[in-house]
Protein chains: 2
Amino acid sequence: MDKRATIKDVAEAAGVGVATVSRVLSGGSASPHTRERVLAVAAQLDYRPSALGRNLRQRRTGGMGLLVPDLTDTFYAQLAEGVLACARSAGEPVLLGSTGGDPEQEAELIGMLLEQSVDRLIAVPSGDEETWAPAIRAGMTVVFADHLPAPPSPVSYSGPFSGPSSGPSSGDDPAVRSVHDLMLLDGLSAAPRSRPLDAPSVVADDRAGIRTAVRYLRGLGHKRIAFLGGPGHDRRAAAFGEAVGAPVDEELVVFGTGSRDSAYAAASGLFQSRPDLSAVVAGGNVLGEAAVLAARELDLRVPRDVSLVMYDDVPWAELCSPPLTVIAQPGRDMGYRAAELVLRSGARKPRSVVLPTELIIRGSCGPHR
Amino acid sequence: MDKRATIKDVAEAAGVGVATVSRVLSGGSASPHTRERVLAVAAQLDYRPSALGRNLRQRRTGGMGLLVPDLTDTFYAQLAEGVLACARSAGEPVLLGSTGGDPEQEAELIGMLLEQSVDRLIAVPSGDEETWAPAIRAGMTVVFADHLPAPPSPVSYSGPFSGPSSGPSSGDDPAVRSVHDLMLLDGLSAAPRSRPLDAPSVVADDRAGIRTAVRYLRGLGHKRIAFLGGPGHDRRAAAFGEAVGAPVDEELVVFGTGSRDSAYAAASGLFQSRPDLSAVVAGGNVLGEAAVLAARELDLRVPRDVSLVMYDDVPWAELCSPPLTVIAQPGRDMGYRAAELVLRSGARKPRSVVLPTELIIRGSCGPHR
DNA sequence: TTGAAAGCGCTAACAC
DNA sequence: GTGTTAGCGCTTTCAA
């Protein structure tokens with residue numbers, strides 16, 4: 001009773017050839033009588049086809065890979081739940097990897113997936129286009145979620161903790177691109193880019209989300225609004241620059257590197273260096289968390305002293321007092337849709353999807369005073 | 001340039017047999033000269049052994065499965081990060097499944113893992129011992145994390161949303177065991193159990209954690225202390241019963257079923273049915289979140305009207321105002337240790353691990369008044 | 001409609 | 001120390 005039945009066992013017990021069993025079980029043609037017989041025997045032997053044999057034969061592992069920077073970031077957890085839900089309903093396995101936002105770990109994990117012959121991958125990318133081009137050229141079907149890989153930058157900016165991130169202004173850190181540069185990314189300029197990667201993706205409508213938030217804050221009378229971003233928030237920062245309009249005060253756009261510590265340092269630095277700001281847009285929930293903590297530490301009241309809008313709606317946003325006003329993006333849906341795309345990729349080249357955001361007004365924004 | 005090199009390609013290019021290549025690459029014996037030559041050729045061809053062939057040959061897939069109830073529960077996300085960290089450093093893939101706390105989905109996912117020939121599994125179990133016995137008998141090495149599967153109950157209590165959970169007292173729901181029953185689980189009685197499953201596990205020292213919290217609340221003068229639990233919190237509830245001592249007021253021990261809605265309903269029901277309680281111990285972060293929300297909705301101030309201690313330290317615990325006093329358990333470490341156990345399971349039957357908890361006093365508890 | 005047979009890439013006996 | 005060979009369980013031609 002130890003080892004499982006193989007297709008051969010079923011074939012013998014049913015008095016047919018293995019090919020027939022294989023056909024029946026994968027919905028091929030067979031006479032009603034044979035089919036019934038095979039099915040009965042298979043059930044009786046509790047036969048379950050081994051993925052091992054099939055995978056080797058087809059030279060590919062089923063299922064899909066999923067790469068995210070950090071599961072304790074609730075947004076990525078939501079996204080992962082969406083992917084898992086879709087995969088589960090398709091009966092497909094998911095190989096998960098957490099990159100820590102580090103392109104090197106990401107590359108290692110891609111290598112691992114290649115070794116496993118997993119050729120479908122959903123990724124919230126940390127590395128840039130150069131990192132990803134090989135995987136795609138190797139024949140992997142990659143669907144990016146949340147954002148696309150950044151274009152390769154001449155200034156190498158790699159690794160999550162490679163540069164000082166606590167500087168209050170982007171000007172202190174050569175690795176942090178200026179808002180103007182970021183706006184170029186967003187297609188606002190004709191700056192030539194080396195063969196942009198055209199991979200399908202599922203992202204939120206960052207531009208609309210940010211624009212709505214900025215307009216809302218403007219409507220409350222805020223003039224000095226800051227943006228607090230993290231890795232992968234380039235598009236959001238660009239949208240922010242666009243929304244506030246030129247001239248952009250570059251000291252008001254600050255980036256952390258992905259860790260909670262760095263986010264806190266960035267937020268704290270921002271508040272200290274620019275006490276004149278009256279509102280902050282945080283590019284993700286980890287940054288929002290950092291902003292709340294830093295504000296509290298500096299005795300800044302929300303929203304009396306500073307208004308806050310956070311990207312990502314997470315359960316704890318309501319727990320803060322006051323509850324946080326957020327730009328909600330459908331994390332779970334994004335994951336689900338990405339999984340659908342990658343699974344249906346057999347048919348035709350999947351097209352990208354942009355999902356709507358929603359400004360949910362709670363209590364963390366008040367009138368400028 | 002399309003297809004990857006196989007072991008045969010390497011063997012031919014190096015002028016040796018495939019067995020030699022296999023040996024060299026897996027650290028077997030070979031002459032220095034041969035070894036060097038093979039390694040050089042392999043590197044030159046960019047050869048990466050395919051897991052497909054190896055898996056089939058060894059009739060087992062490497063890596064490990066990981067089953068958790070819900071990744072958006074930050075504690076499970078931390079645990080998963082620990083598992084992933086260990087797996088990554090071992091170069092092993094992780095197949096992730098989210099069960100939603102539903103034994104049926106859990107069983108399906110176990111079936112999927114069996115089909116993939118994954119024989120090592122880390123699980124935060126939802127089903128009971130009966131659910132798990134088959135998998136273990138089938139030869140899977142299972143390490144349980146956070147808690148063990150519940151013993152099979154004569155009253156079938158299955159599925160996350162199978163029963164009304166919003167009742168304010170456990171007495172309303174026949175599926176919810178009484179505190180006395182729960183204390184039996186904890187070995188406080190000699191009630192005979194059917195062949196208890198002896199699988200290795202990595203859990204927190206729930207009893208000490210809960211006891212410390214209850215003593216702390218007692219020290220603040222609280223007499224009517226409630227416990228708000230969820231699936232898998234049986235041991236915690238039992239420890240609670242033990243810590244408050246007989247006679248246990250059973251109305252003060254309430255369970256949700258795992259969803260945020262049910263947790264909120266349970267918390268709200270508890271507060272409304274027993275306005276005389278002055279402190280609550282929440283058995284997990286989702287329940288703590290629910291307690292804060294329910295208290296706010298009912299205009300109960302924390303900690304003035306009700307003190308709160310939450311199991312799990314999560315980043316947002318500090319964001320609440322007042323910041324939440326918590327029983328911290330090392331989620332990431334638990335995952336890491338569990339992964340170590342399951343990976344080293346080849347050597348000898350792994351022994352269970354109990355990790356310490358720590359009461360972190362913040363601001364959500366005050367003196368009884 | 002069905003069966004026999006050829007592998008997929010790898011490891012482990014076994015022979016040299 | 002090294003090569004030859006026999007499969008692992010499955011799918012897929014190719015004949016019958």
Side-chain angles (χ1 to χ4, degrees), chain A residues 2-39 41-42 45-63 93 112-119 139 346, chain B residues 2-39 41-42 45-63 91 93 113-119 139 346:
Chain A
D2 193 38
K3 50 203 311 170
R4 287 163 50 192
T6 73
I7 197 174
K8 204 178 157 198
D9 299 326
V10 177
E12 284 172 3
V16 299
V18 292
T20 302
V21 177
S22 176
R23 272 187 226 107
V24 168
L25 266 49
S26 36
S29 63
S31 80
H33 175 259
T34 310
R35 145 169 278 105
E36 196 178 351
R37 171 143 188 71
V38 168
L39 254 23
V41 172
L45 293 184
D46 190 33
Y47 170 68
R48 307 211 42 181
S50 160
L52 258 31
R54 183 185 358 197
N55 290 346
L56 177 56
R57 175 64 225 238
Q58 308 185 149
R59 289 114 141 293
R60 58 188 296 281
T61 295
M112 190 266 283
L113 292 172
L114 247 21
E115 187 169 323
Q116 303 292 326
S117 301
V118 170
D119 60 357
Chain B
D2 192 37
K3 49 203 311 170
R4 287 163 48 193
T6 73
I7 197 173
K8 205 176 155 199
D9 298 327
V10 177
E12 283 172 3
V16 299
V18 290
T20 302
V21 177
S22 178
R23 273 187 224 108
V24 168
L25 265 51
S26 37
S29 63
S31 80
H33 175 258
T34 309
R35 145 168 278 105
E36 197 179 352
R37 172 142 187 71
V38 168
L39 254 25
V41 172
L45 291 184
D46 191 32
Y47 170 68
R48 309 214 37 185
S50 160
L52 258 31
R54 182 180 342 148
N55 290 347
L56 177 56
R57 175 65 228 238
Q58 310 187 145
R59 293 122 131 255
R60 58 188 297 282
T61 295
L113 292 173
L114 248 20
E115 187 168 325
Q116 303 293 325
S117 301
V118 171
D119 61 357

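Residue numbers start from 1 in every chain, and the chains themselves are labelled A, B, ... in the order their sequence lines are given, proteins ahead of strands. Computed over heavy atoms, backbone and side chain alike; hydrogens, waters and symmetry mates excluded.
At a threshold of 4.0 angstrom between heavy atoms, the contacts of G15(B) are confined to the sugar-phosphate backbone, with no base atom among them. Nucleic acid contact for G17(A): sugar-phosphate only, since backbone atoms but no base atoms lie under 4.0 Å from a heavy atom of the residue.
Note that CZ of R37(B) and OG of S31(B) are 11.5 Å apart. Values are rounded to the nearest 0.5 Å. Here the OG-CZ distance, from S50(A) to R60(B), works out to 13.0 Å after rounding to the nearest 0.5 Å.
In the set dG3(C), dC10(D), dC8(C), dG3(C) carries the atom at the smallest distance from any side-chain atom of R23(A). Listed nucleotides dG3(C), dT2(C), dC10(D) differ in distance to A19(A); the shortest reach to its side chain belongs to dG3(C). Relative to the side chain of V18(B), the nucleotides dG9(D), dT2(D), dT5(D) differ in distance, and dT5(D) lies closest. With dT11(C), dG9(D), dG3(C) as the choices, the nucleotide that has an atom nearest any side-chain atom of R57(B) turns out to be dT11(C). Of the candidates dC10(D), dT11(C), dC10(C), dT11(C) carries the atom nearest the Q58(B) side chain, counting heavy atoms from C-beta on. The side chain of A30(A) lies closest to dT2(C) when the candidates are dG9(C), dT2(C), dC8(D).
Between the CZ atom of R54(B) and the P atom of dC8(C) there is a distance of 18 Å, rounded to whole Å. Rounding to whole angstrom units, CD1 of residue I7(B) and P of dG7(D) are separated by 19 Å. In this structure, L56(B) places its CG atom 12 Å from P of dT11(D), rounding to the nearest Å. In this structure, L25(A) atom CG and dG9(D) atom P are separated by 16 Å, rounded to whole Å. Between R4(B) atom CZ and dC8(C) atom C1' the separation is 13 Å, expressed in whole Å. Rounded to an integer number of Å, the gap from K8(B) NZ to dC8(C) P is 7 Å. Taking atom CG on N55(B) and atom P on dA12(C), their separation rounds to 12 Å, with Å as the unit. Atom pair L45(A):CG and dG9(D):C1' shows a separation of 15 Å (rounding to whole Å applied).
Proximity of D9(A) to T6(A): side-chain heavy atoms (C-beta onward) are separated by under 4.5 Å at one or more points. Between R4(A) and R59(B), the closest side-chain pair of non-hydrogen atoms is not below 4.5 Å.
Contact annotation: S22(B) does not reach the phosphate of dC10(C) (side-chain N/O to OP1 or OP2, under 4.0 Å). Proximity of S26(A) to the phosphate of dT11(D): no side-chain N or O atom is located under 4.0 Å from OP1 or OP2. Phosphate contact (OP1/OP2 of dT2(D), side-chain N/O of T34(B), threshold under 4.0 Å): present.
The number of heavy-atom neighbours closer than 6.0 Å to CD of Q58(A), taken from other residues, nucleotides and ligands shown, is above 12.
Between P32(B) and T20(A), the residue anchored nearer the 5' end of DNA chain D, judged by the nucleotide with its closest heavy atom, is P32(B).
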